[in-house]
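Below: one structure, written as structure tokens.
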Amino acid sequence: MSLYLYAIVDRPPRSPELLGRGIARKPLALVRAGKAYVVVEPAEAREATPAAIVAHDRVVRRIARLAPSVLPLRFGATAVDRVAVKAAIAPLGGMLERAFERVRGAVQFTLRVDGLRAPAKRAPAGTGPGTRWLAERRARHEVPELTAVSEATRPWVREVRAERHDHGPRIASVYHLVAREDVRAWKRAFARSIMDLPRGVTVTGTGPWPPWAFAELA
């Protein structure tokens with residue numbers, strides 16, 4: 001039977017029993033891969049139903065409460081056996097260490113920005129194609145509609161990821177990486193700042209979650 005993968009963690013929990021069971025209701029286990037540990041369940045790949053995706057997230061959240069650094073794996077990741085897990089993960093040593101350091105002791109807040117878009121910034125007339133490309137690339141990751149929230153929460157945000165949406169009422173999805181000890185301060189700042197949003201803009205904040213948006217190994 002293949003292994004279903006949930007997350008990569010920097011250290012095992014005090015007791016393996018704390019990991020609980022996965023979405024197939026089988027006990028979770030750890031596969032040592034270099035200096036990291038991969039949380040797995042002996043189970044086949046699952047169909048991506050809403051219920052299965054929610055169950056996967058619930059398991060990852062449980063794992064995240066047990067380890068200082070957790071790198072969640074997306075729904076549906078599998079390996080044929082423990083040897084395959086080790087072969088895929090162990091060579092990533094340096095990248096894993098950097099990724100663990102990025103998310104250590106931190107959680108993610110997700111902000112959904114909806115409403116009226118601010119006028120797009122454009123490169124000055126007469127600039128070359130390279131400059132225009134850089135300006136457009138920057139604009140895809142800037143969310144001026146969220147400036148009030150960004151400024152208010154900045155002292156408690158370790159890192160930000162943002163993705164603008166070109167169509168529909170959703171302007172952008174923004175992700176804040178926040179140290180666990182700063183969660184309450186971040187929430188207070190966020191609650192105050194949404195009163196200062198531009199007219200026609202709304203922000204919905206959810207979390208804390210495992211650091212899904214910050215789990216890449218680059």
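Closest of all the heavy-atom pairs between P155 and A152 is CD-O, 3.7 Å. When all heavy atoms of P210 and P72 are compared, the pair lying nearest together is CB-CG, 3.9 Å. A118 and P144 get closest at one heavy-atom pair: CB-CG, 4.0 Å. The minimum heavy-atom distance linking A106 with R158 is given by the pair CB-NH1, 3.6 Å.
Proximity of V160 to V174: side-chain heavy atoms (C-beta onward) are separated by under 4.5 Å at one or more points. In this structure, the side chains of L5 and T78 stay at 4.5 Å or more apart for every pair of heavy atoms. In this structure, the side chains of V40 and L28 stay at 4.5 Å or more apart for every pair of heavy atoms. Here the side chains of L18 and S15 are in contact, with some heavy-atom distance below 4.5 Å. No side-chain heavy atom of I8 sits under 4.5 Å from any side-chain heavy atom of Y37. The closest side-chain heavy-atom distance from I53 to F75 is below 4.5 Å. Side-chain contact between Y175 and F214 is present, with at least one heavy-atom pair separated by less than 4.5 Å. With a 4.5 Å cut-off on side-chain heavy atoms, V38 and L30 do not count as touching.
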Decide yes or no on side-chain contact (heavy atoms from CB on, under 4.5 Å) for W156 and H176, but give the supporting numbers first.
CA-CA 9 Å; W156 300 282; H176 284 187; over 6 Å; no
May I have the step-by-step check of side-chain contact (heavy atoms from CB on, under 4.5 Å) for F109 and T153, ending in yes or no?
CA-CA 11 Å; F109 283 95; T153 59; over 6 Å; no
Would you please test D114 and I171 for side-chain contact (heavy atoms from CB on, under 4.5 Å) and show each step?
CA-CA 5 Å; D114 297 283; I171 298 171; 5.7 Å; no
Steps toward side-chain contact (heavy atoms from CB on, under 4.5 Å) verdict (R192, K187):
CA-CA 9 Å; R192 292 192 301 267; K187 286 184 174 181; over 6 Å; no
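More than 12 non-hydrogen atoms from other residues, nucleotides or ligands lie less than 6.0 angstrom from CZ of R170.
Judged as a side-chain hydrogen bond (donor to acceptor under 3.5 Å, both in side chains), and not counting sequence neighbours, the contacts of T110 are Q108.
Residues H56 and Y4 place their aromatic rings such that the two centres sit under 6.0 Å apart.
The distance from atom OG of S193 to atom CZ of R188, rounded to the nearest 0.5 Å, is 13.0 Å. In this structure, the separation between NZ on K86 and CZ on R32 is 9.5 Å, given to the nearest 0.5 Å.
Under the 4.5 Å side-chain contact rule for hydrophobic residues, Y6 and L96 do not share a cluster. No path of Ile, Leu, Val, Met, Phe, Trp and Tyr side chains, each step under 4.5 Å between heavy atoms, connects V103 with V39, placing them in separate hydrophobic clusters. Note on V113 and V157: same hydrophobic cluster, where clusters join Ile, Leu, Val, Met, Phe, Trp and Tyr whose side-chain heavy atoms are under 4.5 Å apart, directly or indirectly. Linking Ile, Leu, Val, Met, Phe, Trp and Tyr whenever their side-chain heavy atoms come within less than 4.5 Å leaves W212 and V107 in two separate clusters.
Remark: E159 engages R161 in a salt bridge, criterion side-chain N to carboxylate O under 4.0 Å. With respect to R46 and E41, no salt bridge is recorded, no charged nitrogen being found less than 4.0 Å from a carboxylate O. Salt bridge annotation for E97-R102: absent, with no cationic side-chain nitrogen under 4.0 angstrom from a carboxylate oxygen.
No side-chain donor-acceptor contact under 3.5 Å links E47 and T49. When only modelled atom types and interatomic distance are considered, E163 and S173 share no side-chain donor-acceptor pair under 3.5 Å.
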Residues 195-209 side chain polar contacts: donor-acceptor under 3.5 Å, at least two apart:
from: T206; atom 1: OG1; to: W209; atom 2: NE1; distance (Å): 3.1
from: W209; atom 1: NE1; to: T206; atom 2: O; distance (Å): 3.3

Name each donor-acceptor pair under 3.5 Å that joins a side chain in residues 58-71 to protein atoms two or more places apart or in another chain, with its distance.
from: R61; atom 1: NE; to: D57; atom 2: OD2; distance (Å): 2.9
from: R61; atom 1: NH2; to: D57; atom 2: OD2; distance (Å): 3.4
from: R62; atom 1: NH1; to: L19; atom 2: O; distance (Å): 2.5
from: R62; atom 1: NH1; to: R21; atom 2: O; distance (Å): 3.0
from: R62; atom 1: NH2; to: R21; atom 2: O; distance (Å): 3.2
from: S69; atom 1: OG; to: F100; atom 2: O; distance (Å): 2.9
from: S69; atom 1: OG; to: R104; atom 2: NH1; distance (Å): 3.3

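Panel note: side chain D81, backbone A84; a donor-acceptor pair is recorded below 3.5 Å.
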